[in-house]
Each structure stands twice: as C-alpha cells, then as structure tokens.
Amino acid sequence: MGNELFKNIPSKVEDLVKGVRMGRIGLPDLQRPFVWKDNKVRELFDSMLKGYPIGYVMLWESPIGYESKTSTIGGNSKTYEDPKELVIDGQQRLTALVAAMYGIKVKDKNFTDREIKISYNPLTCEFAVWSQAYEKDAEWISRISDVFLAKENNTISSLRRNFIKELNEGRSKKGSSLLTDAEEDLIESNINRLLNLSDYALPTLEISYAADEEAVADIFVRVNSGGQSLTENNFIQTLLSVYDNETSDKINTFAASSRVPAKNTSYNTLLAVEPSHLIRMAVGVGFKRARLKYAYMLLRGKNLETGKFSDEVRQENLQIFKAALDKAMNLNNWHEFINIVAEAGYVSEKLIASSNAVVFSYILYLIAKYDYKLSAMQLKKCISKWFFMSTITYFYTGSAESEVEKQFADLRDVHTADEFVAYLDQAIATRFTDDYFNLTLPSELNSSSAISPAWYGYVAAQIVLDTPILFSNTLVSKYFVLGASGTKNAIDKHHIFPKNYLTTLGYRSDRERNQIANFAYIDYARNIDISDRAPQDYVADYRQQLGEEAYCKICEEHALPENFERMEYMEFLNQRRVLMAQVVRKAYVRLCK
C-alpha cells in the first residue's frame, strides 16, 4: 500500500461552514461560478434532514505560516487572512450550504450576484425553492437563512413567536382553525430539526501540506464527487481566488467580455478567452514558464530554485504575476496583437485550429514589446511572420509547452531587439525551408480533415494576398468579417470537382471527394449555378464570361493547374497541392517585405 497523503477529520456542517465564513477554509466561490440549480440545493437540505449521506469534502492543508491575509466570499468579511485549508473537492456543496444557510450571495454563470433562497415548512418539514408564493404563504419560512441567522444572533425565540403569530393571523383571515398547542410544539421541534442540520456529520479528508502541488493537482482533477468536472485550470483559479480574489475577479471579467461584442472591451474575433489563457500569459510573461503547473507552485509561495515555501516568496510571486497580468489584459496590447494576427491573414476564429497559437504568440509579443523594446513596426513584422509560420506548421500543437520552454531557455541568451528579431527569423527559417514548401506542405494538404492548419494556412495566405473568391471580384477576407453572412452562409466551400460528379466517376468515399485540394471558396449564387456540373462544362462558361486573361489570373490565385478541368481527378489533386503550397510561400514573402 502506498503512503497516504491524507487523514480523516471528523467534521460537522457547522465546523466547515464556520471555517469558510471565518476564512480558515478557503472556498473560492468567485473562482468558478456556482453552477448548481436551486433545486439541487433544495435536494441537498432534504437529504440531510432525512439522514441521507451527501458525499464528502476534501481539503488541502496550506503550507505553514499562511495565517495573515484577509479575503472574502461574496460580501462576507473573514477573520483569518490566509486559509489554513483549501477546498479541493466539495466546493459546490459547501458553497450551497454557506449561501443558503447564511444568505451570502454567489456568482452565476454570467458573473452576476445572486442569492440562493430555500424555503421551509416547519409543520411538514418540507423544503422548496423560494418563490413569491412561498414568500406570501404564512405556512412557510421563506428563507432558511433567517432561521440560522436568528440562532446566531440569539433571536430564535423571537423568530419562532413571530412565525406562529403571523401564521395564526393568516389562518384567521382565511377562516381556518388556529394552531393547536400540539402544532405549536411541532413547529418548535421542526425548527430545531432544521437548526440541528449544523450538527450533520460531513466526512472530511485533509491532504497534508507536505504533498507536492502536482500530486494535489492530480487528485483535484481526478475527484468528481459533486458531479462537476474539475481541471488543472480550476485548481489554479482556486489558489488565485483564495489568495487574491480581486485579481481572480478581473480575470473572469476579461474572459467574460471577450465573448460579447462591445467597444473598449476584450472582445475579438479570434478567441473566446478562458481564465486559463490569461493565467498562461501571466506565467509566461512574468516568469518565462510555459507549463501551467508552475502557476500553482508560484501562487503557493514556492521558490522554484530551493523548493521551499515562504510567505515572502508568495507575495513576491503574486506581484510579478499581477504585473504580467496587467500587461496581458491591457486592451491596447490585446487589440494591437489581434490586428497583427489579422495582418497574417488570420481574421477569424474559423481559421484558428489551436488556441495555443494565439496564447503563446501573444506571450511572445508581450516579451518582445516589454523585455526587448521592439518598435511598433518591428512588432508588426516579426510577430505576423511568426504567427503565420507557427500556426501552419503546428508549432503550438502536440508538445507545445515543451517547445515554449525551450524557446524561453533560448531567449536567456538574447539581449537586444535586433538579436530577438534575428532569433525569430532563424527559428522561422529552420521550418520554412524549400523542402517544407515543396514536399512537407503538399503532403499535409493531402487530407480531407475539416480542421486542418494546412487548409487554414492556405486560406490565410489568400487573405494576405488580397485574393478574391473563385470567379468573383469580392475578396475572400470579406466573408470572414463578423456579420457578413446570415442564417445561410454567403460563401461556401465549393468542390472544384463536384461531389456527385465524382460519384459518377466511381469516387464514392468522402475521404477522396472531400480532399482539401478539391475545395475553393465561392459565393452562394455561383455555387448553386455550378451545382453538379462537370468541370469542363462550367469552366467553359466562366472562361467565356471572364475572358482569357482574367480567367488565367483567377486560376493562378486559386492554385488551379492549367487546363485542370480536363485532368484526371487524382492528378489534379497532386498538382494543386503543390501550387497551394506555393501560394502560402508567396504570402510569407509578402509578410517579409
């Protein structure tokens, strides 16, 4: 049997709730919006009253010496400055108990405050989700928080008398019988039953502070007793919201506003920002680290050189983290970077195969701007080239963190703006070789995948080169602008050799018919016009309409081999892949000017 990292702690609901309210237990309700429906909270209290088990809570003991920082849960001030334990599993359950029992507000999925109100009938021992009907019904205590707060304030006798008085008044108005002595005794007994839920045993496991962060993060991700999937990112946000709730709130606000079109916000057309993206950015810019695991080490006050914890190091790390985060969330920086990415042809999230490309390239942009003091023109040129290369070559897919860690190590020997530009140019040159454009990229274009960096790179290249859609004067880029199309797309991925036509030739597999090299963007009307016609048929019509010179120019821009309409399909695909790769190369050359 392996060494146990935890111990069992006999706990009652009151112990845990009090610990949260005082700040001894860190419950990061602002770190993740409270996702339970109110009905699930009602069921939690009903289960407790019936004596059913409601799961367990897992805590992580904080390193020694963390007893000094004030923080909050909702609007609730705490006594302890730093928590002695962090909630690893059972966050939603504890949040439900604290919020419903003491009227503390939580955040919903839109990051707005809301109150969890559970009603209680002391005659029938029923719980219900609050509504106006229960608020007006004298048979019900509209909020159980009134009862627990009355007990805390030593006014429970007054609450009970007022409830009985109002219930009798309500019955009198309805012409019903007043409460009997037995019913009044039952009300007192059942209010006490409700209050006795504070003594409900809630099994608690405490992980030792000596357990390393990676082990605890693994436990955090694996446990799922509350039905809410947990991730490494959730774990980091847990630490951040406990040690600096204000910063956690800023992260959530930036992430939320990136999804809603509005001026002077983080909204953009490339990436719906997640808190994990911003955390990566801050750790990358501030500490030159790529792996998320370093975030939770640093935020707990770990010296990465000695491996020891201290409050001094934690405070220092937090200040570095916050300063880097300010740079990442600076809207001038953010939108300038988004515009640079657009210069590289990536104008829409539809062309981004991996969010890592945006996140890590932004880190590189911020390092270039602040550490190496590149000018605006230098930033625009080198970062657009870098993003173009890194996205199409899968630089940030697979072992992205390892690649970035290596890059950070390389940059330790880079000291000036010119050296930085030279470093990036050299890194690009090692990937954008003749063999890449002549062999590797054509091979990667031999695919029918709907999500392909090679295809997206080809489309981005067309945008860089101001290419119009097939058989039209309208630029490809126009159709990736937000709001360009309604319920029916104004642009389609057109099969150059129509799908049904290929079927008549014996090509029945979508793997064959939906090859990347068989696609081109075309407007809806022309796509309808071409329909299932043979290439020789529709090409003759458009050749005549456009004239020979304009037609040949279109074929060149869309990497269509000369007289492609007469080719055997497989030969057409082979030749077009080579030409598509050269279009990408041409776009890169333009970015270099």
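Contact check for Phe321 versus Val283: side-chain heavy atoms found under the 4.5 Å cut-off. For the pair Arg93 and Ile54, the minimum side-chain heavy-atom distance is below 4.5 Å. Residues Phe287 and Asn317 form a side-chain contact, since some pair of their non-hydrogen atoms from C-beta on lies under 4.5 Å apart. A heavy-atom distance below 4.5 Å is found between the side chains of Pro122 and Ile141. At a threshold of 4.5 Å between non-hydrogen side-chain atoms, the residues Ser258 and Asn268 count as touching. In this structure, Asp199 and Val13 have side chains that are not in contact, with every pair of non-hydrogen atoms separated by 4.5 Å or more. Between Cys125 and Leu49, the closest side-chain pair of non-hydrogen atoms falls below 4.5 Å.
Defined by atom type and a distance below 3.5 Å, a donor-acceptor pair is present between the side-chain atoms of Trp130 and Glu135. Side-chain atoms of Arg259 and Ser266 include no donor-acceptor pair closer than 3.5 Å. If you check the side chains of Glu43 and Asn39, you find a donor sitting under 3.5 Å from an acceptor. Side chains of Thr397 and Ser354: a donor-acceptor N/O pair is absent below 3.5 angstrom, by distance only. Residues Ser276 and Glu274 bring no donor and acceptor atom of their side chains to less than 3.5 Å of each other.
Listed for the Glu403 side chain is no donor-acceptor partner under 3.5 Å among the backbone atoms of Ser399. Judged purely by atom type and a 3.5 angstrom limit, Ser11 uses its side chain to pair as donor or acceptor with the backbone of Ile9. Asp137 contributes no side-chain N or O that, together with a main-chain N or O of Ala133, makes up a donor-acceptor pair within less than 3.5 Å. Using a distance-only test at 3.5 Å, with no hydrogens or angles considered, a donor-acceptor pair links the side chain of Asn121 to the main chain of Leu123. A donor-acceptor pair is defined here as one N or O able to donate and one able to accept, closer than 3.5 Å; no such pair exists between the side chain of Asn333 and the backbone of Leu366. Between the side chain of Ser361 and the main chain of Val358, no donor-acceptor pair closer than 3.5 Å is present.
Salt bridge Asp38/Arg114: present, at least one basic N to carboxylate O contact under 4.0 Å. Lys322 has no carboxylate O lying under 4.0 Å from a charged side-chain N of Asp326, or vice versa, which leaves the two without a salt bridge. No salt bridge links Lys173 with Glu169; every basic N to acidic carboxylate O contact stays at or beyond 4.0 Å. Using a cutoff of 4.0 Å between basic side-chain nitrogens and carboxylate oxygens, Arg280 and Glu401 are scored as salt-bridged. Checked for salt-bridge contact, Glu206 and Lys7 meet the test: a charged N lies under 4.0 Å from a carboxylate O. A salt bridge is defined here as a Lys NZ or Arg NE, NH1 or NH2 lying under 4.0 Å from an Asp or Glu carboxylate O, and Glu184 with Arg161 fails to meet this definition.
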ask   = Going through the checks in order, is the salt bridge (charged side-chain N to carboxylate O under 4.0 Å, His left out) test met by Asp15 and Lys12?
value = CA-CA 5 Å; Asp15 301 328; Lys12 298 177 181 179; over 6 Å; no
task = Evaluate side-chain contact (heavy atoms from CB on, under 4.5 Å) for Glu349 paired with Thr269, printing each intermediate quantity in order.
result = CA-CA 6 Å; Glu349 63 181 359; Thr269 58; over 6 Å; no
task = Go through the steps to decide whether Lys302 and Val313 satisfy the test side-chain contact (heavy atoms from CB on, under 4.5 Å), and finish with yes or no.
result = CA-CA 7 Å; Lys302 188 171 187 177; Val313 170; over 6 Å; no
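Considering all non-hydrogen atoms of both residues, His277 and Ala272 come closest at CE1-O, 3.9 Å. For the pair Tyr346 and Ile352, the tightest heavy-atom approach, listed with the atom from each and the gap, is CD2-CD1, 3.9 Å. The minimum heavy-atom distance linking Ala328 with Phe254 is given by the pair O-CZ, 4.3 Å. Counting all heavy atoms, side chain and backbone alike, Phe127 lies closest to Trp140 at C-CZ3, 4.1 Å. In terms of heavy-atom proximity, Ile144 sits nearest to Ser119 at CG2-C, 4.3 Å. Residue Gly55 comes nearest to Leu202 through the heavy atom pair O-CD1, 3.7 Å, listed as atom of the first residue, atom of the second, then distance.
By the 30° and 60° cut-offs, the orientation of the rings of Phe34 relative to Trp36 is tilted. Taking the six-membered ring where tryptophan is involved, the planes of Tyr362 and Trp334 are perpendicular, since the angle between them exceeds 60° and thus also 30°.
For Arg289 and Tyr294, the positive end sits near the middle of the six-membered ring, less than 6.0 Å away and at most 45° from its axis. Seen from the ring of Trp455, Lys493 counts as a face-on cation partner, given the 6.0 Å and 45° thresholds.
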